[in-house]
Amino acid sequence: MHLTISKRFDFESSHRLAVNGWSEEQNLAFYGREGSSPHGHGHNFSAYFVFEGPVEEDTGMMINVVVIKDKVKSMIDQRYDHKYINGETPPFDIIVPSPENLARQLLNDTMPLFEGMSA
């Protein structure tokens, strides 16, 4: 039997939506106020992580939720929480920290934490 488990993590960060190499006017025209402040602006973010897999007969678990909490929270605390993402969280020093790029990078940061794991 395959099941899914999801876990939500909340964190606070600031960022600026701006393409390196574009003028202030271009960034303002494209991103609006999200790109207007040179020092960025803050958000309360929520990220949902969904795990899928078989339930192990002997443990009755797909994965221990405590392990998910510990590993993901530690990574988020180190890389994202209370950070200016553009300046403190690579690769956002060179790519725009849009919600889509943040989601992709959060997945890239999280996947190696669980490689080869089972319940």
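This structure is a prediction, so every number in the text was calculated from the model and none was measured. Quick note: numbers below take in every heavy atom, side chains included, and nothing from hydrogens, waters or symmetry partners.
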Legend entry - I68 side chain near F51 side chain, heavy-atom distance below 4.5 Å: yes
Inset, instruction - Decide side-chain hydrogen bond (donor to acceptor under 3.5 Å, both in side chains) for Q105 and N101; before the verdict, give the C-alpha distance in whole Å, the side-chain angles of both, and the deciding distance to 0.1 Å. - result: CA-CA 6 Å; Q105 188 60 44; N101 283 339; over 6 Å; no
Legend entry - Approximate separation, where rounding is to 0.5 Å, of K73 NZ and F9 CZ: 9.0 Å
Inset, instruction - Taking all heavy atoms of F49 and all of V72, pick out the closest pair and write down the distance. - result: CE1-CG1, 3.7 Å
Inset, instruction - Evaluate whether atom NE2 of H39 has more than 12 neighbouring non-hydrogen atoms of other residues, nucleotides or ligands under 6.0 angstrom away. - result: no
Cut-off 3.5 Å, no hydrogens considered: what does the side-chain donor-acceptor table look like for residues 83-91, sequence neighbours left out?
| residue | atom | partner | partner atom | Å |
| --- | --- | --- | --- | --- |
| N86 | OD1 | R16 | N | 2.8 |
| N86 | ND2 | R16 | O | 2.8 |
| E88 | OE2 | Y84 | N | 2.8 |
| T89 | OG1 | R79 | O | 2.5 |

Inset, instruction - Mark yes or no for whether D81, through its side chain, and I76, through its backbone, hold a donor-acceptor pair below 3.5 Å. - result: no
Legend entry - ring-ring contact (aromatic ring centres under 6.0 Å, His included) partners of F45, counting only residues at least two apart: F11, H15, H43
Legend entry - Separation between CZ of F114 and NZ of K71, rounded to the nearest 0.5 Å: 6.0 Å
Legend entry - Cluster companions of F30 among Ile, Leu, Val, Met, Phe, Trp, Tyr (side-chain spacing under 4.5 Å): L17, V19, W22, Y31, V96
Inset, instruction - Calculate, to the nearest 0.5 Å, the distance between atoms CE and CG belonging to M75 and L113 respectively. - result: 6.0 Å
Inset, instruction - Name all residues meeting the salt bridge (Lys or Arg N to Asp or Glu O under 4.0 Å) criterion together with D70; count only those two or more places apart in sequence or in a different chain, and write none if there are none. - result: none
Inset, instruction - Can you see which heavy atom on V66 is nearest to which on N64, and at what distance? - result: N-OD1, 2.9 Å
Legend entry - All pairs passing salt bridge (Lys or Arg N to Asp or Glu O under 4.0 Å) where residues 30-54 contributes a residue, at least two apart: none
Inset, instruction - Could you tell me whether a side-chain N or O of S14 sits under 3.5 Å from a main-chain N or O of G40, the two making a donor and an acceptor? - result: no
Legend entry - Residues clustering with M111 (ILVMFWY side chains joined when closer than 4.5 Å, directly or via others): L107
Legend entry - Hydrophobic cluster membership, L102 vs I94, 4.5 Å side-chain cutoff: yes
Inset, instruction - Without swapping roles, check the side chain of N20 against the backbone of D93 for a donor-acceptor pair under 3.5 Å. - result: yes
Legend entry - Point-to-point distance, once rounded to the nearest 0.5 Å, from CD1 of I63 to CD of E56: 10.0 Å
Legend entry - Minimal non-hydrogen separation, S46 against D10, with atom names: OG-OD1, 2.5 Å
Inset, instruction - Quick one: do Y48 and K7 satisfy side-chain contact (heavy atoms from CB on, under 4.5 Å)? Show the steps, please. - result: CA-CA 6 Å; Y48 292 84; K7 180 73 182 120; over 6 Å; no
Legend entry - Nearest heavy atoms of V65 and I5, plus distance in Å: CG2-CG2, 4.2 Å
Legend entry - Atom pair OG/CG of S36 and L28 - distance to nearest 0.5 Å: 6.0 Å
